[in-house]
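Down below is the structure, laid out as structure tokens.
Lettering follows sequence order; numbering is per chain, from 1.
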Amino acid sequence: MHSAPKNYSEYHKQLDEALEDKFLRNTLDTFAVAYRANRETIFKEVDERGLIAQIADAKDDACRHMEELYAQFKEQAEKRGVHVHRAATAEEANAIIARIARENDVKRVVKSKSMTAEEIQLNPYLEKEGLIVDETDLGEWIIQLRHEGPSHMVMPAIHLSRYQVAEDFTRETGVKQDAEDIQRLVKVARVQLRRKFIAADMGVSGCNFAIAENGAVSTVTNEGNARMVTTLPRVHVAIAGLDKLVPTLDVALTALQVLPRNATAQRLTSYVTLMDGAGECKANPDGRKIMHVVFVDNGRSEIARDPLFSQIFRCVRCGACANVCPVFRLVGGHKMGYIYIGAIGLILTYFFHGHDKAKVLCQNCVGCEACKSVCAGGIDLPRLIREIRSRLTAEEGNPLPMSLLSSVMKNRKLFHRLLKYAAFAQKPFTRGTQFQRHLPAMFLGKHSFKALPAIADKSFRDRWPALSPRVENPRYRVALFGGCAQDFVYPEQLEAAVKVLAAHGVAVDYPEAQTCCGLPLEMMGQRPTSKEVARQNVEAFSAGNYDAVITLCASCASHLKHSYPEILQGDPLIFKAQAFADKVTDFSSFVHDVLGLRPEDFNNTGEKTTYHAACHICRGLGVKEAPRALIADAADYVPCNEEEVCCGFGGTYSMKFPEISARLLEKKLDNIRETGASRVVMDCPGCVMQIRGGAEKQGLGVKVSHIAELLAENMKK
Amino acid sequence: MPTINQALVDEFRAKAEAVNAVVREAADLDAALQYVVETCEAKAPCEMLAEEADAEKGPLGPNGVPTRVKRIVAAPCLDDESYAKLSAACEARGFSCIRSGLRGHLAGIDVGFSVADLGVAASGTCMVNTDSEEGRLAGMIAEINVIALRKSEIYPHLPAIAEKLRARMGDGTPTYTTFITGPSRTADIERVAAVGVHGPLELHIILLEA
């Protein structure tokens, strides 16, 4: 039912299968676009950021007081006639529930949706005990009939077509069902499941909030099946992760303003129930429900104690991180999690289901930060995924190529010498162009979807002494952070930036000791080396008293600004690192917001130019207006469909998962083509590498450049 | 006389209608009961989703199961006086009206009537006290759920009802509270919206002046 890839070759095979599933691709595509628009609309009515911050604070607080809340919940629930259990492991939780069933002479169980029940694999356990278990959420019932696991936390059967469902229902009912009539198919469940509700002895529900102040459990559903499950059978067992404990009703009511909005773009689901105590149940002789609440630990106490990962407790299981994930959109939930799906799924797999199940899966994050930007609890999901990669590396040790990489990267001079050697060694393949045109195809394999760039003949750092402009009475003194891609592959982008800056009274410096920002190392789980290069960079820029550190690479900028203070926490350099991070500014923001360049500073060529918003500029740095305004100043800006969706580069991601990177790029190029623009610009050399490579390969006929190049070309002299 | 905030009433109505609730206005509870009877009259007899020994069965409904011959209205939440009125009106039209024993009709009933404790304007939500099992079932197994809501009991948003809810749940006796926002719905097959997967096919809300 559930599987996690053990190695890359197995995983690549699975991904290829998913990518070939046209129905899945179309469904998830339509969903991704509709969800984004609907979510935006439904959040306009509330203070989205304010609510998310409230949830984060309240859940962080609940996490710190988990033990007290558990004790309070238990006391209050017991006072109201509820039996409260706590299971350390999945096995223990299953055993408790099976025992409750035995003690109450239960034969038939109906279930409403519970991810925690999926996590502990309750159904197979109870079935082995001889019980009949029926899922009653429509989607869950469908996948139960098919012996599959959910492919989404909220829409478990989103991967299935009406035809598949009609077949399953035909088999189940013995009556031919019409696939074209979805309304009628839904009613098949209405009829079939009503009978199961009536026949059941025990109902098992999940729990969205366990409220300590009054010992209440709550369920949130659209179908109303949880109401049936908790009302009709004699016995009710609610399963709750310890992370579901909240102190008060107020916290639950606040979270309820976000959970349905984030999950399905609803203001509220059709039904929300709050049950404190074993209430009336006429199926029992004494007229009272037999009610149990089983709290599942299964690694949660360990998470709660972890200073970084405790933020996982903020998760309300809305599934939004999958809804906006470009990788999920391509391959679906069965290939993007073990039981829990999406970004949070990669993380929870590591904690709940063992490191071996997570080690390959958790590599499949492109790092675009779309999930982080919508998370109901403001969890820094991409960072946690990178952190898990580091932990896996630390646990498993580095394979030889990674050890070599690490020792090279720690030694900047060696690293840069190797890059320069590559510039020389590639000559037979580039024949003087910017692409490696003549690499034998056998070396490319799945990487052949884009033309690979060539290393520049002369790096920016080698051009700098001759280039360094003299600026009299400068308005600002800034340092450039080049980043590997621009220093060694696209030095002309940095040259363009220097031209724009110098022409507007900015004195520019290029500290020679700077090296790789370290983000690619983080993505590969190489934490010790990434810390080492971070230290080198902080030192390299600490000597000059610069007004700003400008970078043209959104990914470098986002990493320098946000991750350095995090990864150098506790390091003697932390104060310098923070001061450095505060000064880091992306090129577009500096030019637009600080220098204040406006239409009159440019000769607007009227060239139809569209924009690709690099993940780390629009989400990583939250910069949205400056680049678009600048394009409109210098050319004719044409907006692009899905402008803020990842191009599929993701640094080393495109090397690790070329099949996915290729599809993301394909979409991006299609959208660019549709604008009819003759040029596309962006704030990131990585994206330039990806999009230019794809455009070249396809013969798209659209010029791909860094925004600095557009501005430098069209600047009034 | 409790005060009515018209802006909240308008918002409630708009948000409830946005999720397919039918919203009507009535002067008082008696008028709402009249609406219940008329609604039952206007609908097709309910389908029987399961076997029910003593019930007379009519022709097959749209989902291939028999329909009821004698329609059922359930109103477990009413006081004796109002219930007597409803019961008489039902009897006059040949419906059976019940306030208990709903477990005997789990195959389905026609109309279930509830009175909401309060409403939440931001989402068009009714909060219903469903402590009694009969009251809970009336809103679950009916094809049409009619809920009466006093206009003066509409609150702006969820956090605004925390104290009311806390007071209700705080005294140590078990409670069961249901927030209802539109009819039972699903989008589990190809994300196509469909109503009535388990609970009511329709939700009607009657806003009462008093």
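- Distance alone, capped at 3.5 Å, places no donor-acceptor pair between the A:Y271 side chain and the B:T178 backbone.
- Enclosure of atom CD in B:E91 is not indicated, since only 12 or fewer non-hydrogen atoms of other residues, nucleotides or ligands lie within 6.0 angstrom.
- For chain B, the nearby parts of A:V186 are the backbone and the side chain; heavy atoms of each come within less than 4.5 Å.
- The neighbour count for A:E180 CD, taken as heavy atoms of other residues, nucleotides or ligands under 6.0 Å away, is above 12.
- With contacts defined as side-chain heavy-atom distances shorter than 4.5 Å, the pair B:T181/A:R267 does not qualify.
- Within residues 273-283 of chain A, the residues having any heavy atom less than 4.5 Å from a heavy atom of chain B are, in residue-number order, A:T273, A:L274, A:M275, A:D276, A:G277, A:A278, A:G279, A:E280, A:C281, A:K282, A:A283.
- Contact count versus chain B (heavy atoms, under 4.5 Å) is highest, among A:I158, A:V82, A:L138, for A:L138.
- Of the atoms belonging to B:A107, it is backbone heavy atoms, and not side-chain ones, that fall under 4.5 Å from chain A.
- Contact of the B:V19 side chain with the A:Q266 side chain is not registered, since no non-hydrogen atoms from C-beta on lie closer than 4.5 Å.
- Around atom CD of B:Q6, more than 12 heavy atoms belonging to other residues, nucleotides or ligands sit under 6.0 Å away.
- Of the residues considered (A:V175, A:T219, A:L232, A:L256), A:L232 shows the highest number of contacts with chain B, using heavy-atom pairs under 4.5 Å.
- Side-chain contact between A:T264 and B:R185 is absent, with no heavy atoms from C-beta onward closer than 4.5 Å.
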Next on the checklist: Apply side-chain contact (heavy atoms from CB on, under 4.5 Å) to residues B:H157 and A:V46 and explain how you reach the verdict.
Outcome noted: CA-CA 10 Å; B:H157 43 60; A:V46 291; over 6 Å; no
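- Looking only at heavy-atom pairs under 4.5 Å with chain A, the residue among B:L203, B:T130, B:I161, B:V192 that has the most is B:V192.
- Contact count against chain B (heavy-atom pairs under 4.5 Å) is highest for A:T136 among A:T136, A:T27, A:T248.
- Contacts between A:T230 and chain B at a heavy-atom distance below 4.5 Å involve backbone atoms as well as side-chain atoms.
- In terms of heavy-atom pairs under 4.5 Å with chain B, the best-connected choice from A:A252, A:A189, A:S161 is A:S161.
- Note on A:H152, A:M155, A:R184: by heavy-atom pairs under 4.5 Å with chain B, the leading option is A:R184.
- What you find for A:K187 and B:N63 is that their closest heavy atoms are CB-OD1, 3.1 Å.
- Contact annotation: the side chain of A:I142 approaches that of B:I189 to within less than 4.5 Å [non-hydrogen atoms, C-beta and beyond].
- Put simply, the side chain of B:R136 does not reach to within 4.5 Å of the side chain of A:R227, judged on heavy atoms.
- B:R191 places no side-chain N or O within donor-acceptor distance of the main-chain N or O of A:T30, the cut-off being under 3.5 Å.
- Of the atoms belonging to A:V154, it is backbone heavy atoms, and not side-chain ones, that fall under 4.5 Å from chain B.
- The distance from atom CD of A:E45 to atom OG of B:S123, rounded to the nearest 0.5 Å, is 9.5 Å.
- Counting heavy-atom pairs under 4.5 Å between each of B:G64, B:G139, B:G108, B:G124 and chain A puts B:G139 at the top.
- For the atom pair CD1 (A:I182) and CD (B:E190), the distance works out to 4.5 Å, reported to the nearest 0.5 Å.
- Of the two parts of A:R194, only the side chain, counted from C-beta on, holds a non-hydrogen atom closer than 4.5 Å to a non-hydrogen atom of chain B.
- Expressed to the nearest 0.5 Å, how far OG1 of A:T231 lies from CG of B:L102 amounts to 11.5 Å.
- A heavy-atom distance below 4.5 Å is found between the side chains of A:L268 and B:L158.
- Remark: the backbone N or O of B:A193 is paired with a side-chain donor or acceptor of A:Q183 at under 3.5 angstrom.
- Your options are B:P159, B:G170, B:A187, B:A21, and the one with the most heavy-atom pairs under 4.5 Å with chain A is B:P159.
- Interface remark: B:P183 contributes backbone atoms only to the contact with chain A (heavy atom separation under 4.5 Å).
- Residue with the most contacts toward chain A among B:E134, B:K15, B:M140, B:E51: B:M140 (heavy-atom pairs, distance under 4.5 Å).
- With contacts defined as side-chain heavy-atom distances shorter than 4.5 Å, the pair B:D188/A:E223 qualifies.
- Taking each heavy atom of B:P174 and A:R288 in turn, the nearest pair found is CG-NH1, 4.3 Å.
- For A:F31, the parts sitting under 4.5 Å from any heavy atom of chain B are the backbone and the side chain alike.
- In this structure, chain A has no heavy atom under 4.5 Å from any part of B:V120.
- From B:T186, atom OG1 reaches atom CG of A:L185 across 11.5 Å, with rounding to the nearest 0.5 Å.
- Evaluation of the salt bridge (charged side-chain N to carboxylate O under 4.0 Å, His left out) test over residues 158-178 of chain B, restricted to residues two or more places apart or in two chains, returns A:E213-B:R166, A:D250-B:R166, B:D131-B:R168, B:E153-B:K164, B:E163-B:R166.
- If you measure heavy-atom distances from B:T173 to chain A, the contacts under 4.5 Å come from the backbone alone.
- Residues B:H198 and A:T221 have side chains not in contact (no heavy-atom distance under 4.5 Å, counting atoms from C-beta outward).
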